[in-house]
Amino acid sequence: MTQIKEVLQKLEAFAPSTYQEKYDNAGLIVGDVSKEVMGVLISLDTTEDVVKEAIKKKCNLIISHHPIVFSGLKKITGANYVERVIILAIKNNIAIYAMHTNLDSMAHGVNKMIADKLGLINTKILAPKKNQLLKLVVFVPSDHVEVVRTSLFKGGAGNIGNYAECSFNSEGTGTYRANENANPFKGKIGQTHFENEIKIEVIIPKYLRNEIVSEMLNVHPYEEVAYDLIPIENEVATIGSGMIGELVEPMSEKDFLKHLKNKMKTSCIRHTNLLNKVVKKVAFNGGAGSFLLQKAIAVKADFFITGDVKYHEFFDAENQLVLADIGHYESEQFTIELIGGFLIENFSKFAVRFTEVNTNPINYY
Ligand SMILES: [Zn+2]
C-alpha cells in the first residue's frame with residue numbers, strides 16, 4: 001500500500017513547498033497523510049464539483065494547482081464555496097494538496113508545459129529567485145574526502161544549472177589538540193596534531209540544509225566537525241518566475257497568434273497592437289503574470305503571454321513587444337498533465353485520474 005505521505009514526499013521533491021510565494025498557501029490543506037492512497041484526482045481548482053467527482057471516482061487525494069484556502073478561515077459553516085469544499089472533503093476522508101507558486105517557480109513546472117505546447121526551445125527562467133542557496137564549507141581529513149563529498153552530492157549539494165556534483169577542493173593542514181574528554185580520530189590526547197585536510201566547498205539549497213548537514217556529520221570521521229554555512233545572494237537559474245524561449249522557426253505576429261490560440265486551446269486572446277515584427281523570442285508566465293512585463297521587455301522578447309492582464313497594464317507594453325492575455329485558466333490548463341504525468345511515472349499502485357470538470361469560472365460569449 002502507498003500512504004498519502006509517500007506521495008506528498010515525492011511531490012515535495014518535484015516542487016518544494018518552500019519555493020512558494022509569501023502570499024501563497026501551497027502544501028497539504030486538508031487530510032490525514034497516514035491514510036492509504038485509494039486514487040488521486042488532479043485538477044486546477046478544488047471546487048465542490050471536483051470533490052464530488054473524487055468521491056465518485058473513489059479518489060481520496062485531490063492534487064490541485066490552486067489552493068482552495070488562501071487565508072485563515074475563522075468559521076467553517078458552509079457559508080461559501082471554500083468552506084463547503086472543506087466540509088465535503090473532511091466528511092468523505094479526502095485529502096487536498098496544492099502545488100501552486102512552488103510549481104510555477106520550477107524550471108520543469110507550469111511554464112515548461114507552456115513552452116512545450118508552443119514548441120519553444122532554449123528556455124530560461126525570466127526572473128530567477130535569489131537568496132535560496134547556502135555555501136557549505138567543510139574540512140575533511142584527506143583519506144575521508146571521497147565519502148564526505150559523495151554524501152553531500154547524494155543529499156542534493158553541488159547542483160548548478162545543468163551541472164551536478166560541482167565542488168571545489170583545496171588542500172591544507174588542519175591542527176587540533178584533544179583534551180582528556182575527547183576521543184580523537186587521529187592524534188594523541190594533549191598533543192597538537194597536524195592533519196592533511198581537504199576543504200570542500202559546495203552550494204546547497206537552503207531548504208535541504210538540515211538533511212545535508214546531518215548526513216555529512218554522520219559520515220565525517222571527526223568528533224567535532226569544522227564546517228561553515230554561508231548565505232549567498234546568487235540567483236538560481238532553475239527557480240523563479242516566468243520563462244523565455246525561442247521558436248525554432250520564427251513566424252509573423254499573425255501566424256504566431258494563430259499558433260498560440262490553437263496550441264493553448266483558447267477561444268479569445270486579448271492583445272496589444274501588432275508591431276509588424278518577426279516573432280522569435282517569446283516570454284510567458286502561467287496565471288497572472290503582468291508583474292513580469294518589464295522583465296520581458298528588458299530581455300527583448302517579441303511577445304509576452306500571460307493571463308489576468310488589466311486594462312491599464314496593456315498600456316505598459318509601450319509597443320516594445322506584443323502583450324497577449326490568453327486567460328488565466330487557459331495558460332495553466334496543462335499543469336494537470338504535468339502533475340499527473342509525474343505521479344504515473346513514480347507510482348503504480350493507485351489510479352491517477354484527471355478531472356473532467358471544467359473549473360474555469362470564465363465563459364466567453
Ligand atoms: Zn493560477
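Order of listing sets the numbers, starting from 1, for every ligand and every atom in it. Bear in mind the structure is a predicted one, so any value in this text is a computation, not a measurement.
Counting backbone and side-chain atoms alike, Glu332 contributes an N/O/S atom closer than 2.8 Å to the Zn ion (ligand 1). Among the backbone and side-chain atoms of His328, an N, O or S atom lies under 2.8 Å from the Zn ion (ligand 1). Distances from the Zn ion (ligand 1) show that His65 has no N/O/S atom below 2.8 Å.
Comment: Glu330 does not engage Lys265 in a salt bridge, judged by the lack of any side-chain N to carboxylate O separation of less than 4.0 angstrom.
Closest of all the heavy-atom pairs between Val202 and Ala157 is CG2-CB, 4.0 Å.
Between Tyr311 and Phe315, the two ring planes are perpendicular [angle over 60°; tilted spans 30° to 60°].
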**OP:** Please report the C-alpha distance between Glu195 and Thr175 in whole Å, then the side-chain angles of each, then the deciding distance to 0.1 Å, and finally whether the side chain to side chain contact (heavy atoms under 4.5 Å, CB included) criterion is met.
**Re:** CA-CA 6 Å; Glu195 181 67 28; Thr175 70; over 6 Å; no

